[in-house]
Amino acid sequence: MSDSTVKSTEEKSLNFIEQIIEEDLRAGKHDGRVLTRFPPEPNGYLHIGHAKSICLNFGVAQKYGGATNLRFDDTNPVTEDTEYVESIKNDVQWLGFQWANEFYASDYFDQLYEFALQLIQKGLAYVDDSTSEEMATLKGTPTEAGTNSPYRSRSIEENLDLFTRMKNGEFAEGSRTLRAKIDMASPNMLMRDPILYRIKFAHHHRTGDKWCIYPMYDFAHGQSDSIEKITHSVCTLEFVPHRELYDWCIENLAIFPSKQYEFSRLNLTYTVMSKRKLLKLVNEQHVNGWDDPRMPTLSGMRRRGYTPEAIREFCERAGVTKNSQLIDISLLEFCVRDHLNKIAQRRMVVFDPLKVVITNYPEGQTEMCQSENNPEDLEGSGTRTMPFSREIYVEQEDFMENPPKKYFRLAPGQMVRLKSAYIIRCDEAIKDADGQVVELHCSYIENSKSGNDTSGINVKGTLHWVSVAEAVAIEVRQYDRLFKVEDPSSEEGDFKDYLNPDSLTVVTAYAEPALANATLEDKFQFMRKGYFCLDSDSSTDKLVFNRTVGLKDTWQKEANK
RNA sequence: UGGUGGAUGGUGUAAUGGUAACACAGAAGAUUUUGGUUCUUUUAUUCAGGGUUCGAGUCCUUGUCCGCCAACCA
């Protein structure tokens with residue numbers, strides 16, 4: 001067996017979550033059952049960081065024959081909305097995952113209330129009349145123990161009565177809370193009698209006005225996991241300090257022992273990932289909404305033309321650890337190109353037109369040229385035709401009057417291949433009064449047509465082109481990185497100071513006729529330009545395209561030397 | 001500061017006491033009717049000190065640096 005065969009049959013190493021699951025499986029825990037959950041709060045749009053969590057949670061469940069619940073953590077009615085619920089469901093499905101059950105923390109409000117009553121009865125929770133300021137001062141600091149609230153020693157009966165009345169709406173918002181009675185001297189600040197319930201006279205997107213008390217995250221999340229019998233509750237590292245409380249609630253309620261495991265969140269260079277910052281970009285109109293193609297949101301990436309396959313591959317390559325990761329955006333772009341290269345239809349589009357007149361081609365004549373839709377998938381994608389005529393457009397940058405060495409494009413006397421058409425020779429550059437080249441006169445080699453070239457001429461360069469008469473004018477939106485620096489969040493001052501002012505460039509370009517039939521689902525490669533997709537802003541009389549990502553450009557590097 | 005999580009090429013990940021490897025990025029070349037793709041080659045890595053061991057990226061210890069926690073947010 002050769003080395004390469006050995007390598008290809010080697011098993012890919014497991015990430016630490018998979019290792020935990022396999023150990024549990026070996027130990028016969030939960031009868032070999034694996035149930036995970038993806039628990040977003042419906043207060044914003046999903047981004048690439050969530051994609052990692054989705055791929056992990058759904059991925060391990062799939063791998064070990066389990067299932068995943070989608071659970072909306074909707075315990076704070078003030079910030080949450082149905083609009084977000086819909087977008088989140090849409091994004092998860094688009095990414096390619098299907099949940100076993102759609103649940104809401106609010107489904108469990110009755111049960112959670114019962115749990116709270118149990119804790120009170122066990123003498124493990126009490127109603128506190130302190131204001132939030134009073135509570136903050138009594139809480140102590142990491143180095144000094146806190147002091148007990150004066151209300152901590154209330155009787156079980158009084159607590160039961162007060163809590164019931166809290167629920168019945170007898171007390172003003174902010175006047176009372178239900179707190180766990182744990183340890184005001186705990187080194188873990190979260191264990192210093194955490195608030196379990198607070199009063200909010202707010203309309204909930206699902207339960208309406210039924211409740212005026214709402215559980216805090218820590219009193220809802222673990223119990224929700226437990227109610228659903230989640231076996232592996234996987235979340236991000238900032239919840240590590242919550243685990244002690246997560247376990248405390250489960251233990252004292254004596255309910256199903258779900259376990260929490262934490263991994264590090266994903267960050268990308270040249271963008272920001274926090275919901276707060278993304279919201280700011282939207283609200284202050286630095287971008288055009290949550291689905292602006294420059295946003296790291298899934299809806300933005302979808303609109304930009306990124307595929308679910310590419311995003312899943314990226315998450316897979318990013319890996320799962322506890323190290324903080326700031327991943328180079330070029331890895332994501334690699335995954336996007338890699339997938340798009342296999343599936344994108346090739347089209348010719350000229351961005352910055354320079355008219356070429358083929359002087360020895362008959363005036364008024366048009367012939368069709370056949371061109372493959374995708375050289376990576378010749379059979380599956382077939383071919384299309386495009387018109388060739390006496391007047392065509394090529395890119396301005398594909399002509400130089402005084403070319404440097406290794407410039408394989410048009411220059412006086414130099415020959416190139418027009419992709420899928422003829423070889424032409426540049427005879428003359430026509431200039432305007434300012435000396436700008438406005439037109440090229442070329443001659444074509446009659447027996448050099450693609451497919452039956454008998455000319456015997458070999459040229460180094462092949463250009464994309466469109467016939468002037470049939471060219472379709474389109475709008476192209478070219479995106480660049482949103483920020484000028486790798487990690488805007490770690491820079492001095494306001495992160496918005498580091499926005500890239502040139503993150504969006506709009507141009508009119510000229511496309512071959514076949515592009516006019518584009519649909520929103522299509523993925524294109526504009527040859528020698530990059531990958532593009534139709535934008536939803538398009539109308540019947542104006543097609544708008546987004547540049548998903550450019551092609552690798554090794555000539556640019558050569559030219560800069 | 002008390003607690004807590006972390007530190008392996010530029011970036012991310014692997015090596016579970018036994019030759020520090022893979023991918024991206026970078027560089028060089030070949031092929032190419034896309035200066036794309038593909039292929040070949042290549043540069044570069046264990047935070048520091050001490051200890052255990054025949055052997056340490058891995059274990060112990062001290063230190064350094066980074067992240068998170070003191071919301072009636074999640």
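Computation of the quantities below employed the complete heavy-atom set of this structure, encompassing side-chain atoms and omitting hydrogens, waters and symmetry-equivalent molecules. Naming: A, B, ... by sequence-line order, numbering from 1 per chain.
Ring pair A:Tyr444/A:Tyr422 is perpendicular by interplanar angle, where above 60° counts as perpendicular and below 30° as parallel. Classification of the A:Trp211-A:Phe109 ring pair by plane angle, with boundaries at 30° and 60°, yields perpendicular. Relative orientation of the A:Phe163 and A:Tyr113 rings is parallel, given thresholds of 30° and 60° on the angle between their planes.
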- Message: Applying salt bridge (Lys or Arg N to Asp or Glu O under 4.0 Å) to A:Arg206 and A:Asp107, what does each step give before you reach the verdict?
- Response: CA-CA 9 Å; A:Arg206 299 195 88 232; A:Asp107 293 340; 2.8 Å; yes
- Task: Please report the C-alpha distance between A:His204 and A:Ser106 in whole Å, then the side-chain angles of each, then the deciding distance to 0.1 Å, and finally whether the side-chain contact (heavy atoms from CB on, under 4.5 Å) criterion is met.
- Result: CA-CA 9 Å; A:His204 188 279; A:Ser106 55; 3.6 Å; yes
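Between the P atom of B:rC24 and the CZ atom of A:Arg317 lies a distance of 6 Å, rounded to the nearest Å. If you take CG of A:Asp183 and P of B:rG2, they are 18 Å apart, rounded to a whole angstrom. Per the geometry, NZ belonging to A:Lys449 stands 14 Å off C1' belonging to B:rU33, to the nearest Å. We find that CE of A:Met135 is positioned 7 Å from C1' of B:rC72, with the value rounded to whole Å. Between A:Arg265 atom CZ and B:rG67 atom P the separation is 15 Å, expressed in whole Å. Nucleotide B:rU33 holds its C1' atom 6 Å from the CZ atom of A:Arg417, rounded to whole Å. If you measure from atom CE of A:Met184 to atom P of B:rA70, you get 14 Å, rounded to the nearest angstrom.
Between the A:Arg37 side chain and the A:Leu70 main chain, no donor and acceptor come within less than 3.5 Å of each other.
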Which atom pairs link the protein and nucleotides 15-17 of chain B when you take only N or O atoms and keep those under 3.5 Å?
residue: B:rU16; atom: N3; partner: A:Gln19; partner atom: OE1; Å: 3.1
residue: B:rU16; atom: O4; partner: A:Gln19; partner atom: OE1; Å: 2.7
residue: B:rU16; atom: O4; partner: A:Gln19; partner atom: NE2; Å: 2.1

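If you check every strand for non-hydrogen atoms under 4.0 Å, A:His464 touches nothing. Residue contacts for A:Tyr197: at a heavy-atom cut-off of 4.0 Å it reaches no nucleic acid atom on any strand shown. Residue contacts shown for A:Met348 are absent, as no nucleic acid heavy atom lies under 4.0 Å away. Among the protein residues, A:Gly550 comes within range of no part of the nucleic acid, since none of its heavy atoms lies under 4.0 Å from any strand. Using a 4.0 Å heavy-atom criterion, one finds that A:Thr137 contacts no nucleic acid atom at all. Looking at heavy-atom distances under 4.0 Å, A:Thr75 makes contact with sugar-phosphate atoms alone, never a base.
Between A:Asp398 and the options A:Arg528, A:Arg417, A:Lys419, a salt bridge (charged side-chain N to carboxylate O under 4.0 Å, His left out) holds for only A:Arg528.
Under the side chain to side chain contact (heavy atoms under 4.5 Å, CB included) criterion, A:Tyr270 pairs with A:Ile329, A:Arg481, A:Glu486, sequence neighbours left out.
Considering only side-chain N and O atoms, A:Ser420 lies nowhere under 4.0 angstrom from the phosphate OP1 or OP2 of B:rU33. Contact annotation: A:Lys139 side-chain N/O to B:rA71 OP1/OP2 distance is not under 4.0 Å.
Under the 4.5 Å side-chain criterion, counting only non-hydrogen atoms from C-beta, A:Val476 is in contact with A:Gln478.
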- Query: What string of B, S and - do you get for nucleotides 3-11 of chain B, 5' to 3', if B is base contact, S is sugar-phosphate-only contact and - is no contact with any protein heavy atom under 4.0 Å?
  - Reply: SSSSS---S
- Note on the structure: A correct 5'-to-3' footprint of nucleotides 34-44 of chain B, with B, S and - meaning base, sugar-phosphate only and no protein heavy atom under 4.0 Å, is BBBS-------
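Counting only residues at least two apart or on different chains, the side-chain hydrogen bond (donor to acceptor under 3.5 Å, both in side chains) pairs with a member in residues 171-185 of chain A are A:Asp128-A:Arg179, A:Asp129-A:Arg176.
Defined by atom type and a distance below 3.5 Å, a donor-acceptor pair is present between the side-chain atoms of A:Glu41 and A:Asn43.
Out of B:rC69, B:rA27, B:rC72, the shortest distance to the side chain of A:Met189 is found at B:rC69.
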- Which dot-bracket notation, 5' to 3', represents the base pairing of RNA chain B when pairs are defined as Watson-Crick or G-U with both distances under 3.5 Å, crossing pairs as [ ], and inter-strand pairs as |? .((((((..((((....[..)))).(((((.......)))))....(((((..]....))))))))))).....
